[in-house]
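Quick note: numbers below take in every heavy atom, side chains included, and nothing from hydrogens, waters or symmetry partners. Whatever order the structure lists them in is the order used to number ligands and atoms, beginning at 1.
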Amino acid sequence: MQIYDLIQKTRRLTPLTEREIQTLVEGFTRGEVPDYMMSAWLMAVCCQGLTTAETAALTQAMRDSGECLDLSSLGAPTVDKHSTGGIGDKTTIIVAPIVAACGGLVPKMSGRGLGYTGGTIDKFQSIPGFTVDLPHKAFMRILEEIGCCVIAQSGDLTPADKKMYALRNLTATVESIPLICSSIMCKKLALGADCILLDVKYGSGAFMKTSDEAAVLADLMVDVGKQAGRNCRALITDMNAPLGACVGNGLEVEEAIRILRGEVHGRLTELALSLAAQMLVMIGKGDIVECRQIAEDALTSGRALERLEAMITAQGGDASVTEDLSKMPHSPVQLTVRSPENGYITSIQSEEVGLASLGLGAGRTAAHQEIDPGAGVVFSRSVGDEAVKGEPLFTVYGRTEELCETAAKRIMDAITIEETPAEPVKLIYKIVE
Ligand code: URA
């Protein structure tokens, strides 16, 4: 089989067979298919697309390129949750302990953040002492005893994705729905959870800019998951404004803890409860109304917070941060920006907020860059709120005054204040089952 022919077939919209896709992926993983050929094929996919059957075959070939975990010895259904990435998205820190407190098992293997959307691993690592580099045996033990565990992606998992993603970054082929789908889903399949809940984001701070694009990606991911024998669902959710009040690793953990303490209510809490309820339905804890109630009880009773504390301790972290948030890292310079006028906040461009946090050191532009766990922004007002002249709008946290001033200007430019409030945007646009 000539790789040249496969590139030409995809370019001419002739579907590849499962065997042809396996040959391409296996050859590339072993280093026998050169980067220039794989780059050409990725560009053909980017321009011409793939059928659902081809995307499913690609995803399974990428899954099989490395190690796959076997969670079956845990003896209870496992449920993974994945977000396609957004600004201020710390739902995993809230949802995993809620589901664990309700008897679910939540295995999480996440990547470090690259670019302006923060990675779950970076958020957990901002807790003093917390380790995400655990052997699989310890991962399984913590899952069994506590119900949730978060580790960094193992180097042996899906090597084909690692190599393909690096090429996509260099060849302007990241933004392809079948490639995004196969890249995300191969890792989810290799982790081995029985159920997978996807939170597909759309809006200015997300990969998918419109709800229609997000719906196409969600449908495809659910199809691909089901074809691989998994129970898979997706929520399509709004990412036009930052999720919650905090953006930045340690600051986001603090916000999640406040929600688990029952101190904060709003869109982030609502999304976390909706995701948790869906996960509980997927593992057979009841219908959606019952599961929503079960999730709320776990939150309000403090049982979910106890699970988070147990998980932090089991992973070597200082669980007393949940009682004393001053133990979390905070960058030394803090700059509060006040409203220049009276009115209503009608939008906060989340992509700009993400880029401003990246500039503060809360994200990385290259894989091995250090991040500042105490950097970021805390909003005192969100979309829909009244802005009062002279009252605080947000505070930025950074290492120097110069960094804070640059970020503050960028964030201020991303906020629109108008005389009348805007129509509220639906948080959950659609559920794909
Ligand atoms: N996340 C991934 O893991 N892969 C993509 O292609 C996009 C987002």
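- With respect to D238, the salt bridge (charged side-chain N to carboxylate O under 4.0 Å, His left out) criterion is satisfied by exactly one of K430, K426, R267: R267.
- Looking at K9 and E20, a side-chain N of the basic residue comes within less than 4.0 Å of a carboxylate O on the acidic one, giving a salt bridge.
- In summary, K209 and E213 do not engage in a salt bridge, as defined by a charged side-chain N under 4.0 Å from a carboxylate O.
- Ordered by chain and residue number, the residues placing a heavy atom less than 4.0 Å from ligand 1 are Y165, R168, I180, S183, I184, K187, F207.
- To the nearest 0.5 angstrom, T120 atom OG1 is 13.0 Å from I151 atom CD1.
- A salt bridge links K108 with D80; the closest basic N to acidic carboxylate O contact falls under 4.0 Å.
- The pair R364-D122 meets the salt-bridge criterion, with a side-chain N (NZ, NE, NH1 or NH2) lying under 4.0 Å from an Asp/Glu carboxylate O.
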